[in-house]
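Letters A, B, ... are given to chains in the order of the sequence lines, protein chains preceding strands, and every chain is numbered from 1. As the structure is a prediction and not an experimental result, all values here were calculated from the model.
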Protein chains: 2
Amino acid sequence: MVIHYKEKSFFTSKDLALSVIGGRWKIAIIWCLLQQSPLRLSEIQKYLPDVNQRMLIRQLRELEEDQIITRVVYPVVPPKVEYQLSEIGLQLEPVVTSICDWGDHFRAFLDENTDKKSVE
Amino acid sequence: MVIHYKEKSFFTSKDLALSVIGGRWKIAIIWCLLQQSPLRLSEIQKYLPDVNQRMLIRQLRELEEDQIITRVVYPVVPPKVEYQLSEIGLQLEPVVTSICDWGDHFRAFLDENTDKKSVE
DNA sequence: GGAAATACTGACATTTTTGTCACTATAAAC
DNA sequence: GTTTATAGTGACAAAAATGTCAGTATTTCC
């Protein structure tokens, strides 16, 4: 987010990571590609119906530039393009998993701490 | 980021988590408080000199609202306020750790794949 | 000859996030 | 009585991210 690692060299590991995966939809995209791979653009759109196409493409481009995903174009008509995680991209699995896990914990925590009155 | 869980109920765990920890400086703040706790505002500022105070306070407020951190005010002059991670906040440790770890991997990856010409 | 499918791009508008500046309160120390 | 320290707030400006709309290319199908 904001300052990209290509413009700054004195980053902590955490800031470096966040500059790459911090985009609004990037974790979601990586999550999709961990579920199934490769995926075509139109398939990713089905997974993520809330993202508009323009935005999705932009985030995919950035991930490609950062070498997190690979993009393979098949010279056919109508066009076919496949996206998949690179080797370094696949290594993001623990990040995505820990985020999902914590989200589960947090949801349970919210459920516990909400509407206590209605129980009593 | 953007849509907060308080305004939307049909979130995936991942989106729920990201709506809470997705802010520009939140992982950094959580990282600080995992290193040392409690911390006063002025101490967090020393850890994170790039964040301006206004921004830092805003992110702290949001984390507090989301119950990730606790804020204890001591009624003294000059004021003293201590921040620390809540129980659910402490459980973010694997998230921060996996991000840092991946950042390390990614840096190594970048180092390997940069300036190959100068080596040959 | 026109529509359909896929994966885009460009220009621009809007929204969200982040940053800046000036300002507050309080009591103790000098 | 002025300065110092800490932890803020309010109003606003700037920057960044995201979204919208219209348009492109290609070939096959009808």
Side-chain angles (χ1 to χ4, degrees), chain A residues 1-8 15 18-30 32-33 37-66 69-84, chain B residues 1-8 15 18-30 32-33 37-66 69-84:
Chain A
M1 316 129 123
V2 181
I3 298 173
H4 195 265
Y5 69 86
K6 284 174 182 167
E7 279 120 50
K8 197 176 171 185
D15 294 333
L18 290 174
S19 83
V20 170
I21 61 170
R24 177 96 167 72
W25 302 106
K26 288 186 185 171
I27 292 287
I29 292 170
I30 292 161
C32 288
L33 291 171
S37 195
L39 284 173
R40 303 179 63 171
L41 176 66
S42 51
E43 293 170 324
I44 300 177
Q45 284 187 275
K46 277 170 209 155
Y47 270 102
L48 305 176
D50 289 346
V51 197
N52 73 74
Q53 199 190 36
R54 190 81 178 78
M55 202 55 227
L56 186 56
I57 290 167
R58 275 194 280 227
Q59 302 267 304
L60 286 166
R61 285 285 173 285
E62 289 180 12
L63 288 170
E64 192 195 350
E65 273 173 38
D66 291 338
I69 63 175
T70 59
R71 177 171 169 271
V72 178
V73 182
Y74 295 89
V76 295
V77 168
K80 175 174 177 177
V81 177
E82 283 185 345
Y83 294 93
Q84 61 187 311
Chain B
M1 313 133 125
V2 181
I3 297 173
H4 195 265
Y5 69 86
K6 284 173 182 165
E7 280 120 51
K8 197 177 172 185
D15 295 333
L18 291 175
S19 83
V20 170
I21 61 170
R24 178 94 167 73
W25 301 105
K26 288 186 183 169
I27 292 286
I29 292 169
I30 293 160
C32 288
L33 290 171
S37 193
L39 283 174
R40 302 179 63 172
L41 176 66
S42 51
E43 293 170 323
I44 300 177
Q45 285 188 273
K46 277 170 209 155
Y47 268 102
L48 305 176
D50 288 347
V51 197
N52 72 74
Q53 199 192 33
R54 190 81 179 79
M55 204 52 226
L56 186 55
I57 290 168
R58 276 194 280 226
Q59 302 268 302
L60 285 166
R61 285 282 173 287
E62 291 181 10
L63 288 171
E64 191 196 350
E65 274 173 38
D66 291 337
I69 62 174
T70 59
R71 177 170 169 272
V72 179
V73 182
Y74 295 89
V76 295
V77 168
K80 175 172 175 177
V81 177
E82 283 186 345
Y83 295 93
Q84 60 186 311

Legend entry - Close residues, residues 37-49 of chain B, relative to DNA chain D [heavy-atom separation under 4.0 Å]: Arg40(B), Leu41(B), Ser42(B)
Legend entry - Set of side chain to side chain contact (heavy atoms under 4.5 Å, CB included) partners for Val76(A), sequence neighbours left out: Tyr74(A), Lys80(A)
Inset, instruction - State which of dT9(D), dT18(C), dT9(C) makes the closest approach to the side chain of Arg61(B). - result: dT9(D)
Find every protein N or O atom lying less than 3.5 Å from an N or O atom of nucleotides 10-13 of chain C, and list the pairs.
{"residue": "dG10(C)", "atom": "N7", "partner": "Arg54(A)", "partner atom": "NE", "Å": "3.3"}
{"residue": "dG10(C)", "atom": "N7", "partner": "Arg54(A)", "partner atom": "NH2", "Å": "3.0"}
{"residue": "dG10(C)", "atom": "O6", "partner": "Arg54(A)", "partner atom": "NE", "Å": "2.9"}

Inset, instruction - Using five pairs at either end of the helix from dG1(C)-dC30(D) to dC30(C)-dG1(D), determine the angle between the two local helix axes and round it to 10 degrees. - result: 30°
Inset, instruction - Could I get the full list of side chain to side chain contact (heavy atoms under 4.5 Å, CB included) partners for Pro38(A), not counting sequence neighbours? - result: Glu82(A), Gln84(A)
Inset, instruction - Compare side-chain N and O positions of Gln59(A) against OP1 and OP2 of dT18(D) and report whether any pair is under 4.0 Å apart. - result: yes
Inset, instruction - Taking the side chain as every heavy atom from C-beta outward, state whether Leu41(A) and Val81(A) have any pair of such atoms under 4.5 Å apart. - result: no
Legend entry - Partners passing side chain to side chain contact (heavy atoms under 4.5 Å, CB included) against Val51(A) (at least two apart in sequence or in another chain): Trp25(A), Leu48(A), Met55(A), Leu56(A)
Inset, instruction - Under 4.0 Å from any atom of DNA chain D, heavy atoms only: list the residues of residues 75-83 of chain A that qualify, in numerical order. - result: Val77(A)
Inset, instruction - Quick one: list whatever passes side chain to side chain contact (heavy atoms under 4.5 Å, CB included) with Arg54(B), sequence neighbours left out. - result: Asn52(B), Arg58(B)
Legend entry - Between P of dA11(D) and CD1 of Ile57(B), the distance in whole Å: 16 Å
Inset, instruction - Any salt bridge (Lys or Arg N to Asp or Glu O under 4.0 Å) involving residues 38-47 of chain B? Give me the pairs, sequence neighbours left out, ordered by first then second residue. - result: none
Inset, instruction - Let me know the distance between CZ of Arg71(A) and C1' of dT6(C), rounded to the nearest Å. - result: 12 Å
Inset, instruction - Apply salt bridge (Lys or Arg N to Asp or Glu O under 4.0 Å) to Glu62(A) and list each qualifying residue two or more places apart in sequence or on a separate chain. - result: Lys26(A)
Inset, instruction - Check side chain to side chain donor-acceptor pair (under 3.5 Å) between Asp66(A) and all other residues, then give those that pass, not counting sequence neighbours. - result: His4(A), Tyr5(A)
Legend entry - Separation of dG19(D) P from Leu56(A) CG (nearest whole Å): 11 Å
Legend entry - Distance, nearest 0.5 Å, that separates OH of Tyr83(A) from CG of Leu63(A): 10.5 Å
Inset, instruction - Give the nucleotide from the list dC8(C), dG8(D), dT18(D) with an atom nearest to the side chain of Met55(A). - result: dT18(D)
